[in-house]
J.: 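This is the structure, below, for whatever I ask next.
In listed order, ligands and their atoms are each counted from 1.
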Amino acid sequence: MDKKKDIRSLTKEELRAFFVAQNDKAFRGNQVYEWLWAKSAHSFEDMTNISKETRQMLEENFVINHIEVDQMQRSSDGTVKNAVRLHDGLIVESVLIPTGTRTTACVSSQVGCSLDCSFCATARLKKMRNLNPDEIYDQVAAINKESLLYYNRKLSNIVYMGMGEPLMNYNNVLKSIEKITSPEGLGMSPKRITVSTSGVPKMIKKLADDEVKFNLAVSLHSAIDEVRSKIMPFSKAFPLEELREAIEYWYEKTESRVTYEYVVWNGINDTKEAIQALVKFCKYVPCKVNLIEYNPIDDGEFQQAKPDAINNYISNLEMNDIIVNVRRSRGKDIDAACGQLANKS
Ligand code: SAH
C-alpha cells in the first residue's frame, strides 16, 4: 500500500494546485490551508465548510500528522509542561510560562540533543531526530490554546529554549518561524520570538545573512575558553574568538542586541576573572545579560553560586552600563525549568 502523504508538508501553492488538478477551485486550497494551520485541525472531519465528498477524497490521499499533547502537568507557579507525542511515537516537551501580563511558550526543536553541556538534563538524551517545521509550530499552537483556556489571553512570546539546539535544525526552525509569524499561521511578531543557541558561529552568521527579524540569545556561561570548553565540551571546536566574530557579524547586519544567558556556579565561574572576562565580552556588541538560576539536574556536580557571587556579577555589569536581568526559575516542581526537560514522565 502506498504511504499517504502528510498534507501539512504542502505549501499553500501546492495545495491550490492539487485542487485545480482535481477539477476543483484553487480557492479550496486556501480553505483547507486555513484549517490546517490557523485553525489547527486534527482531522479532515473537522473541516466543516468543506463538502463531505471532498473531505473523503482528502482522507484517501493524505494524512494529517499532528502532534498530540500526551500528558500535561501544571506547576504550583502556573507553569504548564506538555509532553508531546509526535506521529512516530517519539516525545518532546514544551512549556507555557505565565508572567504578569505575558505568556511565553518554550518549545523544543529536536528530539534529544546532540550537544553535551554537562549541566543540562536534555544533553543526556541521545539526539533522535530533528523536528519538522509543523511539529514546532504545533507546540506553539497547543500552548496558545492552553494560554487562552487557563489565562484568558493569547500567547505573547516564544523562546526556542526547549530540547535541542535550534541552529542544528536551521531550516526547519526558520520555516516554523515563517509559519508562526505569517498571518495565515499565528500572525505573531518576530520581535516576540527568541532563538537560543549554545553558540554555533557559522550558523549565527547565516542568520545574519538571512536577515532574520527575531531575537538571538547565546548561552555563554563563561567568557573564558578553558572554562567554557569544560562545561560545554562541544565548544572546543568553536573558540570564543570565533563566537565573538560571528556575534559582531550578526550585530553589524541586524543591529539587534544579543542576549547572553549565563548561570553562575560555585567554584566554576564565580571568580573575579570570570566576571572581568564577561564584562569584556559584553563590550563587543550591544547586549544584555540574563543571569539564569541553576536548576539542579542531579546529585550536585554543579551548584548555584552564593548570592554574594551573583551580586558581584550584577554590580560589575551595571557599573559598566551593561543591562542585566536575573531570571528566576519557573516550573521546577514539575521538571519544566531550563535544562530540566528530559522526558522523565
Ligand atoms: N540548545 C539551546 C537551547 C536549549 S537550552 C541553547 O543551548 O541555548 C536553554 C537554556 O537553558 C540555555 O541557556 C542553557 O544553557 C540553559 N540551561 C541548560 N541546563 C540548565 C540548568 N540545569 N539550569 C539552568 N539553565 C540551564
Side-chain angles (χ1 to χ4, degrees), residues 79 81 92-95 97 104-125 127 130-131 136 139 157-170 172-173 176-177 193-201 203-204 207 214-223 227-235 238 243 246-247 250 258-266 268-269 278 287-305 310 325-344:
T79 301
K81 180 168 85 171
V92 292
E93 294 177 330
S94 42
V95 185
I97 309 152
T104 302
C106 174
V107 296
S108 294
S109 55
Q110 298 182 311
V111 186
C113 190
S114 54
L115 302 182
D116 49 9
C117 304
S118 45
F119 46 83
C120 179
T122 309
R124 305 195 173 168
L125 304 176
K127 187 202 129 188
N130 285 333
L131 294 191
I136 302 174
Q139 294 175 61
N157 298 74
I158 303 170
V159 294
Y160 282 67
M161 294 188 190
M163 295 173 157
E165 167 51 48
L167 298 193
M168 301 279 212
N169 184 15
Y170 188 93
N172 291 351
V173 162
S176 72
I177 294 176
I193 301 176
T194 300
V195 170
S196 175
T197 175
S198 55
V200 189
M203 301 320 275
I204 292 175
L207 286 175
F214 49 79
N215 306 300
L216 177 67
V218 176
S219 301
L220 195 57
H221 302 309
S222 174
V227 178
R228 193 164 190 269
S229 61
K230 227 181 241 161
I231 56 177
M232 303 168 82
F234 73 89
S235 75
F238 314 117
L243 183 60
I247 291 170
W250 157 272
V258 179
T259 300
Y260 297 124
E261 290 153 283
Y262 204 99
V263 179
V264 188
W265 290 284
N266 235 347
I268 290 177
N269 56 1
L278 176 63
C287 68
K288 70 177 182 198
V289 175
N290 280 350
L291 291 179
I292 314 176
E293 197 181 325
Y294 177 56
N295 303 303
I297 56 163
D298 56 18
D299 37 18
E301 190 197 341
F302 288 90
Q303 278 153 9
Q304 163 97 2
I310 295 169
N325 298 303
V326 178
R327 291 268 179 254
R328 297 292 311 280
S329 283
R330 303 292 306 270
K332 252 203 262 197
D333 55 340
I334 53 167
D335 285 324
C338 284
Q340 289 187 317
L341 301 184
N343 289 347
K344 265 202 202 163

J.: Any idea which atoms of ligand 1 are less than 4.0 Å away from a heavy-atom of Phe119?
T.: 15 (O), 18 (C), 19 (N), 20 (C), 21 (C), 22 (N)

J.: Which atoms of ligand 1 are found less than 4.0 Å from any heavy atom of Cys120?
T.: 18 (C), 19 (N)

J.: Among protein heavy atoms, which lies nearest atom 4 (C) of ligand 1, and at what distance?
T.: Gly162 O, 3.3 Å

J.: Can you name the closest pair of heavy atoms from Arg228 and Leu220 and give their distance?
T.: NE-O, 2.9 Å

J.: Which atoms of ligand 1 sit under 4.0 Å from any heavy atom of Glu293?
T.: 24 (C)

J.: Which option, Cys113, Gly164, Ser198, owns the non-hydrogen atom nearest atom 1 (N) of ligand 1?
T.: Gly164

J.: Pairing donors with acceptors under 3.5 angstrom, does anything connect the side chains of Ser118 and Glu301?
T.: no

J.: Which is it for Lys288 and Asn325 under the side-chain contact (heavy atoms from CB on, under 4.5 Å) test, yes or no, and what are the steps along the way?
T.: CA-CA 8 Å; Lys288 70 177 182 198; Asn325 298 303; 3.9 Å; yes

J.: Are Asn169 and Ser109 linked by a side-chain donor-acceptor pair shorter than 3.5 Å?
T.: no

J.: In chain order, what residues pass the side-chain hydrogen bond (donor to acceptor under 3.5 Å, both in side chains) check against Asn215, with sequence neighbours excluded?
T.: none

J.: How long is the straight-line distance from OG1 of Thr104 back to CG of Asn157, given to the nearest 0.5 Å?
T.: 4.5 Å

J.: What residue and heavy atom of the protein are closest to atom 10 (C) of ligand 1, and at what distance?
T.: Glu261 OE2, 3.7 Å

J.: Just need the protein heavy atom nearest to atom 15 (O) of ligand 1, so name the residue and atom and give the distance.
T.: His221 NE2, 2.5 Å

J.: Starting from atom 13 (O) of ligand 1, locate the nearest protein heavy atom and write down its residue, its atom name and how far away it is, to 0.1 Å.
T.: Ser219 OG, 2.7 Å

J.: Counting only nitrogen or oxygen atoms and a 3.5 angstrom limit, does Tyr294 reach ligand 1?
T.: no

J.: I need the nearest protein heavy-atom contact for atom 23 (N) of ligand 1: residue, atom name and distance, please.
T.: Asn295 N, 3.0 Å

J.: Return the closest protein heavy atom for atom 2 (C) of ligand 1 as residue, atom name and distance.
T.: Ser196 O, 3.3 Å

J.: State which residues pass side-chain hydrogen bond (donor to acceptor under 3.5 Å, both in side chains) with Ser235; sequence neighbours excluded, sorted by chain then number.
T.: none

J.: Using 0.5 Å steps for rounding, measure from the CG atom of Leu278 to the CG atom of Leu291.
T.: 8.0 Å

J.: Classify the contact between Thr197 and ligand 1 as side chain, backbone, both or neither, using a heavy-atom distance cut-off of under 4.0 Å.
T.: backbone

J.: Calculate, to the nearest 0.5 Å, the distance between atoms NE2 and CG belonging to His221 and Asn269 respectively.
T.: 9.0 Å

J.: Look at atom 16 (C) of ligand 1 and say which protein heavy atom is nearest, naming residue and atom and giving the distance to 0.1 Å.
T.: Cys338 CB, 4.2 Å

J.: What residue and atom, counting heavy atoms only, is the protein's closest point to atom 9 (C) of ligand 1, and at what distance?
T.: Met161 O, 3.5 Å

